[in-house]
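Because the structure is predicted, anything quoted here is derived from the model rather than measured.
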Amino acid sequence: GGWASRGAKASSASDEQAVQPVLTKSAEGITADGSAGGGMIYCANKIDLTPYHTLTFEGSFSRGGTLARNVLAACWSELETYYTETEAHQGLNSTSGSLLTVDISGLTGEYYVGMGLTASTAQITGCYLQ
């Protein structure tokens with residue numbers, strides 16, 4: 001299915017729509033530039049997460065701002081606002097990093113997997129379900 005991106009609302013109570021991250025594919029992986037606003041990148045098709053316990057993103061992540069959720073590895077049941085439909089998530093607790101791991105052991109059924117980016121960028125070299 002590949003990767004897709006979309007803008008996301010600033011919060012579950014806001015109608016303000018952020019700029020979607022720009023995706024660039026290369027031999028090393030995919031770069032998502034969310035520095036112009038905030039949005040999400042996600043696998044275009046839902047994935048049955050029932051047999052898995054962990055979702056891991058590997059690459060180079062640079063957080064803009066001070067909130068861990070500015071780089072957020074997450075699973076969504078639906079793609080509306082990534083705050084209200086986020087089922088499992090893990091934010092980047094430092095300003096940069098190379099690994100984000102999310103506990104998804106409590107999820108059964110199909111979900112979109114991806115990252116939320118607010119004024120941040122991610123160069124993803126690997127995405128693994130274990």
Side-chain angles (χ1 to χ4, degrees):
W3 291 93
S5 69
R6 69 186 303 164
K9 293 181 181 177
S11 74
S12 60
S14 172
D15 286 332
E16 181 183 344
Q17 194 75 16
V19 177
Q20 76 184 55
V22 176
L23 299 180
T24 307
K25 297 175 185 174
S26 69
E28 294 82 32
I30 189 165
T31 300
D33 184 352
S35 60
M40 58 176 76
I41 63 165
Y42 55 93
C43 288
N45 296 322
K46 283 186 168 183
I47 300 170
D48 184 359
L49 299 181
T50 305
Y52 302 105
H53 299 284
T54 347
L55 166 64
T56 301
F57 283 94
E58 190 175 69
S60 177
F61 313 116
S62 299
R63 188 182 81 195
T66 58
L67 299 175
R69 71 175 183 222
N70 284 7
V71 175
L72 188 73
C75 300
W76 300 279
S77 55
E78 297 300 329
L79 296 174
E80 296 298 328
T81 62
Y82 70 85
Y83 293 103
T84 57
E85 280 78 29
T86 302
E87 302 291 339
H89 66 276
Q90 177 63 50
L92 184 67
N93 291 317
S94 58
T95 57
S96 64
S98 60
L99 203 64
L100 269 176
T101 301
V102 182
D103 178 1
I104 58 170
S105 58
L107 299 182
T108 57
E110 294 187 339
Y111 293 85
Y112 294 100
V113 298
M115 298 184 80
L117 298 169
T118 304
S120 302
T121 58
Q123 183 176 1
I124 301 167
T125 55
C127 177
Y128 311 100
L129 288 166
Q130 297 171 308

Closest non-hydrogen atom pair, [X] against [Y]:
| X | Y | answer |
| --- | --- | --- |
| Ser120 | Gly64 | OG-N, 2.8 Å |
| Arg6 | Pro21 | O-CD, 3.6 Å |
| Ala74 | Leu55 | O-CD2, 4.0 Å |
| Leu100 | Gly91 | CD2-O, 3.7 Å |

(message) Test side-chain contact (heavy atoms from CB on, under 4.5 Å) on Lys46 and Tyr112; report intermediate values, then the result.
(response) CA-CA 5 Å; Lys46 283 186 168 183; Tyr112 294 100; 3.4 Å; yes

Enumerate the residue pairs fulfilling salt bridge (charged side-chain N to carboxylate O under 4.0 Å, His left out) with a member in [range], sequence neighbours excluded, ordered by first and then second residue.
| range | result |
| --- | --- |
| residues 35-44 | none |
| residues 105-114 | none |
| residues 24-34 | none |

(request) Kindly indicate whether the side chain of Thr56, heavy atoms from C-beta on, has any atom under 4.5 Å from the side chain of Leu99. (result) yes

(message) Could you check whether any side-chain N or O of Thr50 sits under 3.5 Å from a backbone N or O of Gly109, counting only pairs where one atom can act as donor and the other as acceptor?
(response) yes

(request) Would you confirm whether Asn93, through its side chain, and Ala68, through its main-chain N or O, come within 3.5 Å as a donor-acceptor pair? (result) no

(request) Sequence neighbours left out, what passes side-chain hydrogen bond (donor to acceptor under 3.5 Å, both in side chains) with Thr24? Give chain and number order. (result) none

(request) Quick one: do Thr101 and Gln90 satisfy side-chain contact (heavy atoms from CB on, under 4.5 Å)? Show the steps, please. (result) CA-CA 7 Å; Thr101 301; Gln90 177 63 50; over 6 Å; no

(request) Kindly indicate, with the supporting measurements, whether the criterion side-chain contact (heavy atoms from CB on, under 4.5 Å) is fulfilled by Thr118 and Leu67. (result) CA-CA 9 Å; Thr118 304; Leu67 299 175; over 6 Å; no

(message) Show every ring-ring contact (aromatic ring centres under 6.0 Å, His included) that has at least one partner inside residues 44-68, sequence neighbours left out.
(response) none

(message) Show, in sequence, the C-alpha distance, side-chain angles and deciding distance for Val113 and Leu49, and conclude whether the side-chain contact (heavy atoms from CB on, under 4.5 Å) test is met.
(response) CA-CA 9 Å; Val113 298; Leu49 299 181; 4.1 Å; yes

Could you give the side-chain donor-acceptor pairs of residues 122-130 under 3.5 Å, partners two or more places apart or in another chain?
| residue | atom | partner | partner atom | Å |
| --- | --- | --- | --- | --- |
| Thr125 | OG1 | Glu58 | O | 3.2 |
| Tyr128 | OH | Glu58 | OE1 | 3.2 |

